[in-house]
Amino acid sequence: MSIDAQANLRTILDVLRYAVTRMNEAGVFLGHGHADAVDEALFLVLRSLHLPVDRADIFLGAFLTHAEINSLVQAIDQRVRKRVPAAYLVREAWLQGYRFYVDERAIIPRSFIAELLKDGLSPWVPDPKAVEDVLDLCTGSGCLAVIAADVFPKARVDATDISPDALAVAKRNVADHGMSNRVNVVQSDLYDALPSKRYDIILCNPPYVTDASMAALPREYQHEPKVALAGGADGMTIVRRVLRAARSHLKRGGMLFVEVGGGRAAAEQILKDTPLTWLTTSDGDDTVFMARQEELP
């Protein structure tokens, strides 16, 4: 951006208009929680300024300092030219009303399981206060573990991930939400560090992107850890391992909830003799399944 053009940016509204234009011209990919370039620009600009997005109307006419304009223009440039996701630029993401810290060490918080958790996994979990033990496999940023601890007030939650980098982010989020006494963050290759423990609920949002889809991902996703996305040839490499040992890690009557993206057909092929209950989310009925302990192989 030329110095003369930048000099014409004076208010927050000026910068928002500039950001939306740049994003639309570049055709940035909006796959991390924002519906369109306007929502993305509002989030990037206002959160960069540490202002609330839901009170944007109060601040739109506010004049910016030269330093703020320079910083915002640089952030917009990174979003457009380098395709860095906005969440990484402002170091935060929101999921079902919960704020999470995030950086490039962990996948950006997003999960359709979170929609179900917000309602306490009703009607499959009749009494949230009766849940005592929850396991969040492939926890990443720790987002599902934090939400689970919040909606199941008497539960202790184990949150595991193979990546020490992701777990550093998860520990920060657990501490930020005041959950350190109830959420245990553990480095583990799935169940390995918890060989004998059993749970009322196991949650898992694993890597499930197929090899073919990995090769075609938009540039925005290439900033995220590959280990958090790549699910092998059919996307089910980790899911198979989760299912293989799930029964022995669930209490009698316990339930497993797994997110598989577009992998319903592949998941049903793996568990052809197991009745899976496909749950309704904003992405339809093919994204998250539930299986009961007694029905698992």
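Under the 4.5 Å side-chain heavy-atom criterion for Ile, Leu, Val, Met, Phe, Trp and Tyr, V260 and L190 are members of the same hydrophobic cluster. Note on I147: it clusters hydrophobically with F112, by side-chain heavy-atom contacts below 4.5 Å among ILVMFWY residues. One hydrophobic cluster, built from ILVMFWY side chains closer than 4.5 Å, cannot hold both L167 and L135; they sit in different ones. No chain of hydrophobic side-chain contacts below 4.5 Å, direct or via other Ile, Leu, Val, Met, Phe, Trp or Tyr residues, connects L194 to V134. Under a hydrophobic-cluster definition in which Ile, Leu, Val, Met, Phe, Trp and Tyr are linked whenever side-chain heavy atoms come within less than 4.5 Å, directly or via other members, I113 and I238 are assigned to different clusters.
Residues L121 and L203 share a closest heavy-atom pair of CD1-CD2, 4.3 Å. I69 approaches R10 most closely through the heavy-atom pair CD1-CA, 4.3 Å. For P206 against C204, the heavy-atom pair with the smallest separation is CD-O, 3.3 Å. A pairwise comparison of heavy atoms in V80 and A26 identifies CG1-CB, 3.4 Å as the closest pair. Contact record, I107 with L229: CD1-CD2, 3.6 Å, taken as the closest heavy-atom pair. Nearest approach of S188 to T160, heavy atoms of both residues: CB-CB, 4.0 Å.
A salt bridge links D234 with R240: at least one charged nitrogen is closer than 4.0 Å to a carboxylate oxygen.
Under the salt bridge (Lys or Arg N to Asp or Glu O under 4.0 Å) criterion, the residue pairs touching residues 178-198 are D158-K197, D189-R241, with sequence neighbours excluded. Each salt bridge (Lys or Arg N to Asp or Glu O under 4.0 Å) pair with one or both residues in residues 220-230, not counting sequence neighbours, appears once here: R79-E220, R83-E220, R110-E224.
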Please assess E104 against R91 for the test side chain to side chain contact (heavy atoms under 4.5 Å, CB included), listing each intermediate value before the final yes or no. CA-CA 9 Å; E104 289 84 353; R91 296 297 195 238; 3.0 Å; yes

Evaluate the side chain to side chain contact (heavy atoms under 4.5 Å, CB included) criterion for residues Q96 and E115: first the C-alpha distance (whole Å), next the side-chain angles of each, then the deciding distance (0.1 Å), finally the verdict. CA-CA 7 Å; Q96 295 297 312; E115 296 178 11; 3.4 Å; yes

What's the verdict on side chain to side chain contact (heavy atoms under 4.5 Å, CB included) for V73 and V15, showing C-alpha distance, side-chain angles and the deciding distance? CA-CA 8 Å; V73 168; V15 176; 5.8 Å; no

Give the C-alpha distance, both sets of side-chain angles, the deciding distance and a yes or no for side chain to side chain contact (heavy atoms under 4.5 Å, CB included) between V28 and R22. CA-CA 9 Å; V28 299; R22 289 285 311 277; over 6 Å; no

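To the nearest 0.5 Å, atom CG of residue N24 and atom CD of residue E40 are 11.0 Å apart. The CZ atom of R252 sits 8.5 Å away from the CZ atom of R247 when rounded to the nearest 0.5 Å. Note that OG1 of T11 is 7.0 Å distant from CG of L64, once rounded to the nearest 0.5 Å. Distance check: M255 CE to I201 CD1 gives 5.5 Å after rounding to the nearest 0.5 Å. Between the CD atom of Q293 and the CD1 atom of I202 there is a distance of 9.5 Å, given to the nearest 0.5 Å. Interatomic distance, CG of L250 versus CD of E294, reported as 9.5 Å (0.5 Å rounding).
Put simply, the side chain of T139 does not reach to within 4.5 Å of the side chain of L144, judged on heavy atoms. With a 4.5 Å cut-off on side-chain heavy atoms, P153 and K129 count as touching. With a 4.5 Å cut-off on side-chain heavy atoms, W94 and V53 do not count as touching. When side chains are defined from C-beta on, P225 does not count as touching D165, because their heavy atoms never get closer than 4.5 Å. Inter-residue side-chain proximity for L117 and F257 is flagged as unmet; no heavy-atom pair is nearer than 4.5 Å. Side chains of D283 and V288 form no contact here, defined as non-hydrogen atoms less than 4.5 Å apart. Using a 4.5 Å cut-off on side-chain heavy atoms (C-beta onward), S141 and N173 make contact. D150 places a side-chain heavy atom less than 4.5 Å from the side chain of Y98.
Apart from V169 itself, the hydrophobic cluster it occupies contains Y101, where clustering links Ile, Leu, Val, Met, Phe, Trp and Tyr at side-chain heavy-atom distances under 4.5 Å. In the hydrophobic clustering, where aliphatic and aromatic side chains (Ile, Leu, Val, Met, Phe, Trp, Tyr) are joined below 4.5 Å either directly or transitively, V227 groups with I162. In this structure, Y208 shares a hydrophobic cluster with no other residue, the cluster being traced through Ile, Leu, Val, Met, Phe, Trp and Tyr side chains under 4.5 angstrom apart.
Side chain of S248 to backbone of A245: a donor-acceptor contact under 3.5 angstrom is found. D77 places no side-chain N or O within 3.5 Å of a backbone atom of Q74 that could act as its donor or acceptor partner. For R105 (side chain) and S163 (main-chain N/O), no donor-acceptor pair under 3.5 Å exists by modelled atom type.
Exactly one residue among D176, I108, L95 makes a side-chain contact (heavy atoms from CB on, under 4.5 Å) with F100. That residue is L95.
Other residues, nucleotides and ligands place more than 12 heavy atoms under 6.0 Å from the NZ atom of K251.
The ring pair (Phe, Tyr, Trp, His ring centres under 6.0 Å) test applied to Y191 returns H249, not counting sequence neighbours. For F152, there are no ring pair (Phe, Tyr, Trp, His ring centres under 6.0 Å) partners at least two apart in sequence or on another chain. Applying the side-chain hydrogen bond (donor to acceptor under 3.5 Å, both in side chains) criterion to R219, with sequence neighbours excluded, gives no partner residue. Applying the ring pair (Phe, Tyr, Trp, His ring centres under 6.0 Å) criterion to Y221, with sequence neighbours excluded, gives F29, H32. Annotation: ring pair (Phe, Tyr, Trp, His ring centres under 6.0 Å) contacts of W278 (sequence neighbours excluded): F289.
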Kindly list each side-chain donor-acceptor pair under 3.5 angstrom involving residues 270-277, sequence neighbours excluded, with atom names and distances?
none

Cut-off 3.5 Å, no hydrogens considered: what does the side-chain donor-acceptor table look like for residues 41-49, sequence neighbours left out?
unit_1	atom_1	unit_2	atom_2	d
R47	NE	E92	OE2	2.6
R47	NH1	L51	O	2.9
R47	NH2	E92	OE1	3.1
S48	OG	L44	O	2.5

